[in-house]
Participant: 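Below is a structure I'd like to ask you about.
Because only heavy atoms are used, hydrogens play no part in the values below, and waters and symmetry mates are left out as well, while side chains stay in. Just so you know, these numbers come straight off a predicted model, no measurement behind them. Lettering of chains follows the sequences in order, A, B, ..., and the numbering in each one begins at 1.
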Amino acid sequence: MSSINLDMSAPDGIIALLKYLLSSGKVSAVLVPRRNPDTGAYDIGLIADEAGLDSAAPVDPVMLANTGQILSSLTPAKRSLAVVLKPCELRAFVERVKREQGSLENVLTISYTCGGVFPLEKVIEESFADVIPNYLKRVASGEIVDGTRDTCRACEHFVPMNADVTISIAADAGSIAGCRIYLNTDRARELVGGLEGKQSDDEIDPAVTLKLAAKRKVEKEKLFNSLAPTGDGLDGVIEVFGKCVGCHGCGRVCPICYCLLCDFESRSFDYDLPYFEKELSGKGALRLPPDTIFFHLGRMTHMSFSCVGCGLCSDVCPVGIPVASMFKKVGEHTAALFDYVAGRDVEEKLPVMVYKEEEFSELG
Amino acid sequence: MTEKQQEREFTPKIVGFLCNWCTYAAADLAGSTKLEISPTLTVIRVMCSSRVDHNLLLTTFFEGADGILIAGCHPGDCHYGKGNYYARRRYAVLKKVMEGLGLEPERLQLSWVSASEGNRYADVVNAFSEKIKALGPNPINGRPDF
Ligand code: SF4
Ligand code: SF4
Ligand code: SF4
Ligand code: FES
């Protein structure tokens, strides 16, 4: 048995699954996105009582924080915890586990084939709830949904890489009427196996997901090319990042930027008058606040190979810099150096923490 | 002054991060054997090539260095065992980021020069200096908007 089919929509099925996990005592709490029915506000709920699941909105196209980042402070979990998270959030968490900022122990990860999320400015619109039914239909038929985040439309890794439980939503025409719950690991079979439903040996049909992946790939090339004319060379870099106000919001929300004290917020980047005087005498004019572009280059060198393209950084940027697209693009280059895929496997070592004796002989 | 003349006038400013245990000693050796070495290099002695982190290199670049040389012990010979292997990976990442943004990765160079290779030291420095001379000044220097 590798899947359980429920006779209800995918979101309802996930809620039923979570209720089962809590009521049977298989887990002590669940972490899942919620929507306040009165205000329409989203949050991520840490829920121990079944009743708390009534407002759960497990697959709404919203990401207000990266759950992978939040999980860090909830793990290592003493008692079992079930978490509903998007594929990129799961990959981000795996990257954090590699950095010893989280643990998968006692965590049941539940993820789904993801149709992408909308930018937060769309999510806070009053009419956002109306968007959802149509969104689910588009996603189920394997379409890229207009208006979702740039990096979501360009995301090829929308099938969870190593979730314990996978629900198929994107590119699964049946998911509107039915919910298929795939149990991928022993932990899943142990905790979820008793859930009542129709059991089957179904697997997610790769032919269908590959079709959506191909569409996303085309979209990605388009996105990367659209950055190229401006994102290239010193002029391009200044054009793209020159608007940066130095708030560091993009780094703060990034699930990969794990440093407890970011170098850029440390004393090393806290300049005094003599420094500015020296700089000024060399250049004649200075751009303040300082180091705004440096910050991005620094972040790119520190973490781009682990970037999961979640898009949060673009979303929070107050001046509309396509931070996520730039990081995803550069990140693909840096990851390719080491044949690395962020979040693919928790056993895969961070590329800067290992080496091979025979490599990069062209470099030195 | 014509452009040609300007080119001829350009003396690059290159910062060299040299490992104490090998390349720094090679620089000493080259000096004491009176080899001809381009005067463009400002040497910073570090205890291992792995001491040179990304932000240090980026700072050097953004402060306007026309070229940056990182030089350490040959692979397998690092005084601390494997520092240079890690340095090489980090260097590969920085190069790739600069390449990805079209930021002249040629302005960075990594070389392995052991303590006994005075001649090689002179060759590396001279060749890199020529390369940077041909590239011209770091464009960041003229950008008060950077
Ligand atoms: S980046 Fe991919 S996995 Fe993450 S929310 Fe967007 S589509 Fe889903
Ligand atoms: S850099 Fe941006 S897109 Fe990449 S993981 Fe961090 S927040 Fe997500
Ligand atoms: S969020 Fe935008 S403005 Fe703030 S530091 Fe990042 S790029 Fe700059
Ligand atoms: S000691 Fe020379 S490179 Fe490590």
Participant: Please determine whether a side-chain nitrogen of the Lys or Arg among Glu106(B) and Lys131(B) lies less than 4.0 Å from a carboxylate oxygen of the Asp or Glu.
Facilitator: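 So Glu106(B) does not pair with Lys131(B) through a salt bridge.
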Participant: Using a cut-off of under 4.5 Å on heavy-atom pairs, state which of Leu108(B), Val97(B), Leu94(B) scores highest against chain A.
Facilitator: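 With the most close heavy-atom pairs to chain A, the winner is Val97(B).
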Participant: Highest number of heavy-atom pairs under 4.5 Å with chain B: which of Glu332(A), Glu358(A), Glu357(A)?
Facilitator: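 Among the listed options, the one with the most contacts to chain B is Glu357(A).
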Participant: Taking the side chain as everything from C-beta on, heavy atoms only, tell me whether Pro318(A) gets closer than 4.5 Å to Val245(A).
Facilitator: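 When only atoms from C-beta onward are counted, Val245(A) and Pro318(A) do touch, with a gap below 4.5 Å.
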Participant: Taking the inter-plane angle between the rings of Phe305(A) and Phe338(A) on a 0 to 90° scale, is it parallel (under 30°), tilted (30 to 60°) or perpendicular (over 60°)?
Facilitator: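 Perpendicular, since the angle between the ring planes exceeds 60°.
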Participant: I need the Asp315(A) CG to Arg149(A) CZ distance, nearest 0.5 Å.
Facilitator: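 Spacing of CG (Asp315(A)) from CZ (Arg149(A)) equals 4.0 Å.
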Participant: Can you classify the ring geometry of Phe241(A) versus His296(A) as parallel (below 30°), tilted (30 to 60°) or perpendicular (above 60°)?
Facilitator: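 Geometry flag for His296(A) against Phe241(A): parallel rings.
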Participant: Which atoms of Glu63(B) are under 4.5 Å from chain A, going by heavy atoms: the side chain, the backbone, both sets, or neither?
Facilitator: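 The side chain, not the backbone.
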Participant: Looking only at heavy atoms and a cut-off of under 4.5 Å, which of Leu297(A), Leu286(A), Ile293(A) has the most pairs with chain B?
Facilitator: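 Counting heavy-atom pairs under 4.5 Å, the top option is Leu297(A).
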Participant: For chain A, find which of Val124(B), Ile70(B), Leu103(B) contributes the most heavy-atom pairs closer than 4.5 angstrom.
Facilitator: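 Heavy-atom pair counts peak at Leu103(B).
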Participant: Between Ile140(B) and chain A, with a heavy-atom cut-off of 4.5 Å, which part of the residue counts as in contact: side chain, backbone, both or neither?
Facilitator: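 Both parts, heavy atoms under 4.5 Å.
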Participant: Chain B heavy atoms under 4.5 Å from Val352(A): which part of the residue, side chain, backbone, both or neither?
Facilitator: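 When you check distances to chain B, atoms from both the backbone and side chain of Val352(A) fall under 4.5 Å.
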Participant: Would you call Phe17(B) and Val43(B) a side-chain contact if the rule is heavy atoms closer than 4.5 Å?
Facilitator: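 SC-SC contact between Phe17(B) and Val43(B) ruled out.
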